[in-house]
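Structure record follows, encoded as structure tokens.
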Amino acid sequence: MTIEHASVQVARKPWGGADIRPWSCIDVSGDPVGELWFERIDKDAPGSALLLKLLFTSQPLSIQVHPNDEFAHAIDLPNGKTEAWYILSAAPGARVALGLTRRLTPQALRAAIRDGSIAGLVQWRPVAKGDFICVPGGTIHAIGAGIVLAEIQQRSDTTFRLFDFGRHRELHEDDAVAASDAGPSQAQSAPRRLTDARRILVASPQFVLERVDFQANSQWALDANRETWMLVIEGKARIGHTDATVGDAIFIEADSAGIAIGLDGMSGLVAYPGPDPMVSLLQDCTGRATKSPDASTGTGSRKSGKIIEAQT
């Protein structure tokens, strides 16, 4: 039974951002920050099925592909890497790539990787704040410059690069060709309303991603029967005995707690293993919940997330 304020691991990247406020107040002097990884505080705890990140891009990331579960099992990996992105901010003209403009044979894909023409074959699309994109394993993709996004993914670090925008890192031609569904991406499903406060953005076998929007001063009961990640993207709340504001993530597993929403309301992203939404995850208790002294005054203690620098 667990409710904890997630720790934060910092990944410095040459394509990262020099200003990551309001998502974090860490010192970004020196190498830019590309990613913030949210992790369990207890390093000896069982590993989670999902990984939650924030990404900050000042340059385009590589064109890449991750294995799906079937291909991952074929190469003796425990699982593939399906992911989803939620755009937190985007500069004018910002874009992401998802799938190819046309279907390629394995031979044509291999040739496009070798001569670099794959860069002109990916399907770029503009993005804006509030957009969300599901990236199933096997989908060729890239993230452009000028974007801050939240990413939820299967826990895997397996990435095969097809093109690197002049950074001269290793390309993974054989694995990329074998892992790729080398064609246009699947149509994105429209969000669906689960309750007035909950919208299902992605519902896949790997995970469910929701956006939640809570009214000011409302009271909620949280009951998570599987691992659940909650990221605050607007406002603030008190979740159990933990205060959470913009950029904070809470990990919950096999536990329940009250949620007291702040004076300005709170919006967040919630993710947990799929395939089906947890209908009973959140119950509105406004008007019948008894506030704890800490929830009403906002003076309770907070479990601060530990920050770990990871040079990658």
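Residues take their numbers from the sequence shown, with the count starting at 1. Please read these numbers as outputs of a predicted model, since none were measured by experiment. Values below: every heavy atom of this structure, side chains too, minus hydrogens, waters and symmetry copies.
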Look only at the side chain of Glu151 and the backbone of Glu83, and say whether a donor-acceptor pair between them is shorter than 3.5 Å. no
Interatomic distance, Arg125 atom CZ to Arg95 atom CZ [nearest 0.5 angstrom]: 12.0 Å
Would you name the heavy atoms of Asn79 and Ser156 that are closest together and state the gap between them? ND2-CB, 3.9 Å
Min side-chain heavy-atom separation Arg211-Tyr86 under 4.5 Å: yes
Closest approach of Asp243 to Arg238 (non-hydrogen atoms, all atoms of both residues): OD1-NH1, 2.7 Å
Do Asn68 and Pro136 make a side-chain contact, defined as non-hydrogen atoms from C-beta onward lying under 4.5 Å apart? no
Answer yes if Phe71 and Leu109 sit in the same cluster of Ile, Leu, Val, Met, Phe, Trp and Tyr residues linked by side chain heavy atoms under 4.5 Å apart, and no otherwise. yes
Report yes if the distance between the aromatic ring centroids of Trp220 and Phe214 is under 6.0 Å, otherwise no. yes
Closer than 4.0 angstrom, basic N to acidic O: yes or no for Asp157 and Lys81? no
Report yes or no: do Val122 and Leu104 belong to one cluster of Ile/Leu/Val/Met/Phe/Trp/Tyr joined by side chain heavy-atom distances under 4.5 Å? yes
What one should report as the nearest heavy-atom pair of Leu269 and Ala150 is CD1-CB, 3.7 Å
Are the side chains of Gln123 and Pro184 in contact, using a 4.5 Å heavy-atom criterion? no
Would a 4.5 Å heavy-atom cut-off, applied to side chains only, mark Leu222 and Asp255 as touching? no
Taking Asp181 for the side chain and Thr139 for the main chain, is one N or O donor matched with an acceptor at less than 3.5 Å? no
How long is the gap from CD1 on Ile200 to OG on Ser189, to the nearest 0.5 Å? 12.0 Å
Phe165 side chain reached by Trp15 side chain, heavy atoms, under 4.5 Å: no
Please check if the number of heavy atoms outside Arg102 that lie under 6.0 Å from its CZ is greater than 12. no
Hey, does the side chain of Ser180 reach the backbone of Gly138 with a donor-acceptor pair shorter than 3.5 angstrom? no
Heavy-atom check, side chain of Val96 versus side chain of Asp131, under 4.5 Å: no
Applying side chain to side chain contact (heavy atoms under 4.5 Å, CB included) to Val135 and Leu98, what does each step give before you reach the verdict? CA-CA 7 Å; Val135 188; Leu98 196 67; 3.8 Å; yes
Hydrophobic cluster membership, with links at side-chain heavy-atom distances under 4.5 Å among I/L/V/M/F/W/Y: are Val65 and Ile113 in one? yes
d(Ile250 CD1, Thr228 OG1) to nearest 0.5 Å is 12.0 Å
Atom CZ of residue position Arg21 - does it have more than 12 heavy atoms of other residues, nucleotides or ligands inside 6.0 Å? no
N/O donor-acceptor pair under 3.5 Å between Ser7 side chain and Glu39 backbone: yes
Of all the heavy-atom pairs spanning Ala244 and Val232, show the shortest one and how long it is. CB-CG2, 3.8 Å
Assess whether atom CG of Asp264 is packed by more than 12 heavy atoms of other residues, nucleotides or ligands within 6.0 Å. no
So does Thr82 get a backbone contact from the side chain of Gln154, meaning a donor-acceptor N/O pair under 3.5 Å? yes
So do the side chains of Pro78 and Arg155 get within less than 4.5 Å of each other, counting heavy atoms only? no
Does the pair Glu170/Arg161 count as a salt bridge with the N-to-O cut at 4.0 Å? no
So does Phe207 get a backbone contact from the side chain of Ser204, meaning a donor-acceptor N/O pair under 3.5 Å? yes
Within-4.5 Å side-chain heavy-atom neighbours: Gln107 and Thr105: yes
Give me the ring orientation class for His141 and His66: parallel if the planes are under 30° apart, tilted from 30 to 60°, perpendicular past 60°. tilted
N/O donor-acceptor pair under 3.5 Å between Ser62 side chain and Gln64 backbone: no
Please assess Val10 against Leu36 for the test side chain to side chain contact (heavy atoms under 4.5 Å, CB included), listing each intermediate value before the final yes or no. CA-CA 5 Å; Val10 181; Leu36 300 179; 3.9 Å; yes
Thr2 versus Arg40, closest heavy-atom pair with distance: CG2-NH2, 3.7 Å
To the nearest 0.5 Å, atom CG of Asp213 lies from atom OG of Ser218 at 10.5 Å
Indicate, with yes or no, if Leu61 and Trp85 share a hydrophobic cluster defined by side-chain heavy-atom contacts under 4.5 Å among Ile, Leu, Val, Met, Phe, Trp and Tyr. yes
Determine whether a donor-acceptor pair (N or O, by modelled atom type, separation under 3.5 Å) exists between the side chain of Glu227 and the backbone of Ala49. yes
Take Glu210 and Tyr272 through the test side chain to side chain contact (heavy atoms under 4.5 Å, CB included) and record every step on the way to the result. CA-CA 9 Å; Glu210 302 185 20; Tyr272 45 85; 2.5 Å; yes
Could you pull out the closest heavy-atom pair between Ile252 and Ala224, with the gap in Å? CG2-CB, 3.8 Å
For the atom pair OG1 (Thr57) and NZ (Lys13), what is the distance rounded to the nearest 0.5 Å? 13.0 Å
Got more than 12 heavy atoms from elsewhere within 6.0 Å of CD, Gln188? yes
Atom pair CD (Gln215) and CD1 (Ile261), whose distance is rounded to the nearest 0.5 Å: 10.5 Å
Please lay out, stage by stage, how Asp223 and Gln283 fare under the test side chain to side chain contact (heavy atoms under 4.5 Å, CB included). CA-CA 8 Å; Asp223 185 9; Gln283 300 296 323; over 6 Å; no
Find out if a path of hydrophobic residues (ILVMFWY) with successive side-chain heavy-atom gaps under 4.5 Å connects Val148 to Trp229. yes
